[in-house]
Amino acid sequence: MSMSSTESSNFEFTKPTSSAVMGDPNETGGMGNMGGVGDTGNTGNMDMAGGTCNISMLWNWNTIDACFLSDSWQIKSSGAFAGLCIGVVLLVVLMEFFRRAAKIYDEQLVHEHRKKATALAATAPANNSSETANGALIAKERPLAFADTVPYRPSIWQQTIRALLHTLHFALAYWIMLLAMYFNGYIIICIFLGAFIGFFAFQWEQIGPS
């Protein structure tokens, strides 16, 4: 009987109370206090969700709250996103313009070189066979052939302009690549549209042998 009473007293001493299991609202580690922390955290996330950037590394169609390149570049309205799309199209068109400008400048340099070389070859004395019909034809074709064979290297200022045009084209291409890395479907469509318009406008030229 004494052993029974001892075991009963020990069991009553080690039995957890209901307040320990369920948690006392006055205790800092209670379930009630934990529930309050959880509610506060959820409310904070909802409040922050309206002002944070909406960025996705997967294919998306985000418009409002989408950010590009930095936190300060955040879309707040549909009009701002429409302006961004138009700007992306113009950016790609401008890139095609610099590509065309570099090509035209190179052609101008070659044309000036051939003109100077042709004038130099025309002042050279003709050979003895120029009196014949065949010799006269050779004398007329000689300046053009001479201009095509003389090597040409741009001056330091001409090369500076060529490097500047290349740098502008490269910088725009890099910015366009960064915008495309946000995988926004609208932005990628605008990039394709700008490439079409830019190539159509600035690469419409004669093709074939000159």
Side-chain angles (χ1 to χ4, degrees), residues 41-117 147-148 150-210:
N42 292 334
T43 304
N45 292 335
M46 292 176 63
D47 294 340
M48 293 174 60
T52 56
C53 292
N54 190 4
I55 299 176
S56 176
M57 296 306 295
L58 299 176
W59 186 268
N60 63 89
W61 300 95
N62 297 331
T63 55
I64 308 300
D65 288 335
C67 292
F68 298 92
L69 302 180
S70 66
D71 294 339
S72 59
W73 192 355
Q74 185 177 4
I75 305 302
K76 296 294 187 178
S77 63
S78 300
F81 189 81
L84 173 63
C85 292
I86 296 174
V88 171
V89 173
L90 296 178
L91 193 67
V92 181
V93 172
L94 185 62
M95 183 189 70
E96 293 293 336
F97 167 77
F98 283 122
R99 187 202 300 269
R100 176 65 175 173
K103 184 178 180 180
I104 293 177
Y105 186 71
D106 289 346
E107 292 177 351
Q108 181 181 358
L109 294 180
V110 173
H111 177 72
E112 292 179 356
H113 163 69
R114 293 188 63 183
K115 185 178 180 180
K116 293 178 181 179
D148 292 335
V150 174
Y152 171 70
R153 185 176 185 179
S155 64
I156 185 171
W157 296 112
Q158 293 172 344
Q159 184 64 17
T160 301
I161 297 176
R162 297 179 72 238
L164 178 61
L165 291 174
H166 173 76
T167 302
L168 292 174
H169 176 267
F170 181 84
L172 289 177
Y174 186 78
W175 279 89
I176 293 170
M177 181 199 68
L178 291 178
L179 291 174
M181 289 178 62
Y182 285 87
F183 299 99
N184 189 290
Y186 298 108
I187 299 300
I188 293 178
I189 291 175
C190 290
I191 292 174
F192 293 159
L193 181 61
F196 175 82
I197 297 175
F199 185 87
F200 185 88
F202 299 113
Q203 300 297 330
W204 194 359
E205 57 183 348
Q206 294 181 353
I207 56 178
S210 59

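Note that the structure is a prediction, hence the values are computed from the model and not measured.
Residue Ala195 comes nearest to Val92 through the heavy atom pair N-CG1, 3.3 Å, listed as atom of the first residue, atom of the second, then distance. Nearest heavy-atom pair, Gly198 versus Val93, reported as atom, atom and distance to 0.1 Å: N-CG2, 4.0 Å.
The disulfide (SG to SG under 2.5 Å) contacts involving residues 58-90 comprise Cys53-Cys67, where partners must be two or more places apart or lie in separate chains. Among residue pairs with one or both ends in residues 155-178, those qualifying as salt bridge (Lys or Arg N to Asp or Glu O under 4.0 Å) are Asp106-Arg162; sequence neighbours excluded. For residues 183-204, the ring-ring contact (aromatic ring centres under 6.0 Å, His included) pairs, not counting sequence neighbours, are Trp61-Tyr186, Phe81-Tyr186, Phe97-Phe202, Phe200-Trp204.
Side-chain contact between Leu179 and Leu69 is present, with at least one heavy-atom pair separated by less than 4.5 Å. In this structure, the side chains of Ile161 and Gln158 stay at 4.5 Å or more apart for every pair of heavy atoms. A 4.5 Å side-chain heavy-atom check between Glu205 and Lys103 finds at least one atom pair inside the cut-off. Between Gln159 and Arg153 the shortest side-chain heavy-atom distance does not fall below 4.5 Å. Ile64 places none of its side-chain heavy atoms less than 4.5 Å from the side chain of Lys76. Here the side chains of Val89 and Ile197 are in contact, with some heavy-atom distance below 4.5 Å. Using a 4.5 Å cut-off on side-chain heavy atoms (C-beta onward), Phe68 and Ile75 make contact. In this structure, Tyr182 and Asn62 have side chains that are not in contact, with every pair of non-hydrogen atoms separated by 4.5 Å or more.
Taking CZ of Phe98 as the reference point, atom CG of Leu168 lies at 4.5 Å (rounded to 0.5 Å). Here the straight-line distance linking atom CG of Leu109 with atom CD1 of Ile104 works out to 12.0 Å at 0.5 Å rounding. Atom NE2 in His169 sits 10.0 Å away from atom CG in Leu94 (nearest 0.5 Å). The distance from atom CG of Leu84 to atom OG1 of Thr63, rounded to the nearest 0.5 Å, is 11.0 Å. Taking CD1 of Ile156 as the start and OG1 of Thr160 as the end, the distance is 5.5 Å to the nearest 0.5 Å. Remark: Leu91 CG to Ile86 CD1 distance equals 13.5 Å, nearest 0.5 Å.
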* Asked: Hey, mind stepping through Val110 and Arg114 against side chain to side chain contact (heavy atoms under 4.5 Å, CB included) and telling me if it holds?
  -> CA-CA 6 Å; Val110 173; Arg114 293 188 63 183; 4.3 Å; yes
* Asked: Are Lys115 and Glu112 close enough, and set up right, to give a salt bridge (charged side-chain N to carboxylate O under 4.0 Å, His left out), and what steps lead you there?
  -> CA-CA 5 Å; Lys115 185 178 180 180; Glu112 292 179 356; over 6 Å; no
* Derivation and outcome, side chain to side chain contact (heavy atoms under 4.5 Å, CB included), residues Met181 and Met57 -> CA-CA 8 Å; Met181 289 178 62; Met57 296 306 295; 5.6 Å; no
* Test log, rule side chain to side chain contact (heavy atoms under 4.5 Å, CB included), inputs Trp59 and Ile188 -> CA-CA 10 Å; Trp59 186 268; Ile188 293 178; 3.4 Å; yes
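Within a 6.0 Å radius of CG in Leu178, other residues, nucleotides and ligands contribute more than 12 heavy atoms.
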